[in-house]
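Values below: every heavy atom of this structure, side chains too, minus hydrogens, waters and symmetry copies. Residue indices begin at 1 and follow the sequence shown. Counting starts at 1 for both ligands and their atoms, in listed order. Quick caveat, the model's predicted, so the values are computed rather than measured.
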Amino acid sequence: MDDKYRLQCLGCWLPFDDHYTLECPAQCTALVRTYYRNRQLDIKDLPGMFRYIDWLPVEHSLPLDAGPVSYRSEAFARELGLEHLIVTFSGYWPERKGNILTCSFKELEAQPTVLRLREKGSGILQIASAGNTGRAFCQVSALTGMPVVVVVPAENADRLWTTEEAGSVCLITIEGDYTDAIQLGREIATIPGITPEGGARNVARRDGMGTTMLDGTLAAGRLPDYYFQAVGSGTGGIAAWEAAERLIGDGRFGTHRPELHLSQNVPFIPMVRAWEAGRDWIRHEDMPDARQAIAAVSADVLTNREPPYGVKGGVYDALVATRGRMYAATNDEARSAGALFTETEGIDLDPAAAVCVASLVQAVERDTIDTGRCVLLNITGGGYERVREDHEQHRIEPFLRLPAGASLDDAVRHEIAGWVASHA
Ligand SMILES: Cc1ncc(COP(=O)(O)O)c(C=O)c1O
């Protein structure tokens, strides 16, 4: 392999070059994975997440000092009786050098995705989001000038802010939930000049999120035995599995695959139900009264109705390969576990991260893990209160507000196409 990396389909194993390719050229439905020439990870003297550029599908870095930070927990670990707990934190926490100003690990997806498109693709990126992903892409747009089209549920529009003025964001809101935003986003991506970001099919997104596993492993000095994360699409879980495979291939961090312990927020728990039933597909019955269930959770970023669960190389395969587990945490459990974390460690959490902490509490209470072994707790978001003290927040105003069930009529298409033309 002469290039830094190649892509390979996990269904038919066809290898191919990257042209911001999201799907197997042979039309397989399986996920495509990155295979890097450097099998040993060489940490580079670059800011933020780009210290892991060896295993990111980009040639260049961005001058942004925003990446995951990891440390060995003492106070919270003591509360739970855990001997070796590594916290990997993606958010704002200056005392621990956490400098992701949009406060979630979604910025780890956004940075390499924007770069990968610039290097290997063309067009203007389109992203659908429940809020956190959109905010992360708006921030990277504000810092790089790369234009983005972001679709979010109308009631989450206030989550779209940046710490620098963003002049190149086309924000579209729709009355509905996250999956409605994803569906509208798919239609918008058919407008010429717009490139879909790709979700779990985007290797930059997965390898970017995988830096949490790299960072946590380096802090532990070895691959952890257990990896805990809250999931909506599960892309971060897939990414953690893939990063662990690379670390095993590296040869310096052990040969044991960390078990994936993934969590969702009751009552919206489709992947928990499918997994517990031993199925590699999600049925309609796994998400009864989906809209009410989604409205009832405290962590609505975990409410994807179409996660890449059964696809080859997806969440189900990741759970099987790692002998993983799924957990369901109620709002109350998340609130009290999150409060305990904040009290002992000293930082506020995203509600999704609180769900993850609750799953770790459950694991200890139910003896599903050995408390003497090494746990990586992926705190995927936090520091919202801290960042407000230190940084200005600029709200993004919607370019278009669409009603429930809206699809793209000619007038709306025309307006978006006009925006694209003026920002291409
Ligand atoms: C803070 C936070 N944690 C976890 C997740 C779940 O990530 P995924 O949808 O990739 O599973 C999200 C999704 O937006 C998030 O914002």
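- Of all non-hydrogen atoms in Arg246 and Asp207, the two that sit nearest each other are NH1-OD1, 3.3 Å.
- Residue contacts with ligand 1 for Val231 involve both N, CA, C or O and side-chain atoms from C-beta outward (heavy atoms, distance under 4.0 Å).
- In this structure, Arg96 forms a cation-pi arrangement with Tyr71, its terminal cationic atom sitting closer than 6.0 Å to the ring centre and no more than 45° off the ring axis.
- Geometrically, ligand 1 and Ser104 share no nitrogen or oxygen pair separated by less than 3.5 Å.
- For Tyr178, no nitrogen or oxygen atom sits less than 3.5 Å from a nitrogen or oxygen atom of ligand 1, counting backbone and side chain alike.
- Side-chain atoms of Thr212 and Asn378 include a donor-acceptor pair closer than 3.5 Å.
- The two residues Ala220 and Ile86 come nearest to each other via the heavy atoms CB-CG1, 3.7 Å.
- In plain terms, the two heavy atoms of Ser90 and Pro68 that are nearest each other are OG-CB, 3.9 Å.
- When heavy-atom distances to ligand 1 are checked against a 4.0 Å cut-off, Val301 comes that close through both its backbone and its side chain.
- Of all atoms in ligand 1, numbered sequentially from 1 with element shown, those under 4.0 Å from a heavy atom of Leu302 are 4 (C), 5 (C), 6 (C).
- In terms of N/O distances under 3.5 Å, ligand 1 is not approached by Asp350.
- Look at Gly234 and you'll find a heavy atom under 4.0 Å from some atom of ligand 1.
- Heavy-atom contacts of Met209 reach the following atoms of ligand 1: 10 (O) (cutoff under 4.0 Å).
- For the 3.5 Å distance criterion, the side chains of Thr102 and Glu107 qualify, holding a donor opposite an acceptor.
- Minimum heavy-atom separation, Phe228 to Ala363: CZ-CB, 3.7 Å.
- When only non-hydrogen protein atoms are considered, atom 12 (C) of ligand 1 lies nearest to Lys106 CE, 3.5 Å.
- No part of Asn304 comes within 4.0 Å of ligand 1, judged by heavy-atom distances.
- Heavy atoms only, all atoms of each residue included: Pro258 and Leu223 are closest at CG-CD2, 3.9 Å.
- In the candidate list Ser90, Ser233, Gly232, Gly381, Gly232 is nearest to atom 6 (C) of ligand 1, counting heavy atoms.
- Ligand 1 is approached by Ala230 to a heavy-atom distance shorter than 4.0 Å.
- In terms of protein heavy atoms, atom 2 (C) of ligand 1 is closest to Thr380 OG1, 3.5 Å.
- Heavy-atom minimum distance, Leu260 versus Thr322: N-OG1, 3.3 Å.
- Distance from atom 16 (O) of ligand 1 to its nearest protein heavy atom, with residue and atom name: Asn132 ND2, 2.7 Å.
- For ligand 1, the atoms closer than 4.0 angstrom to any heavy atom of Gly236 are 10 (O).
- Taking the centre and axis of the six-membered ring of Trp275, the NZ or CZ atom of Arg325 falls outside the cone set by 45° and 6.0 Å.
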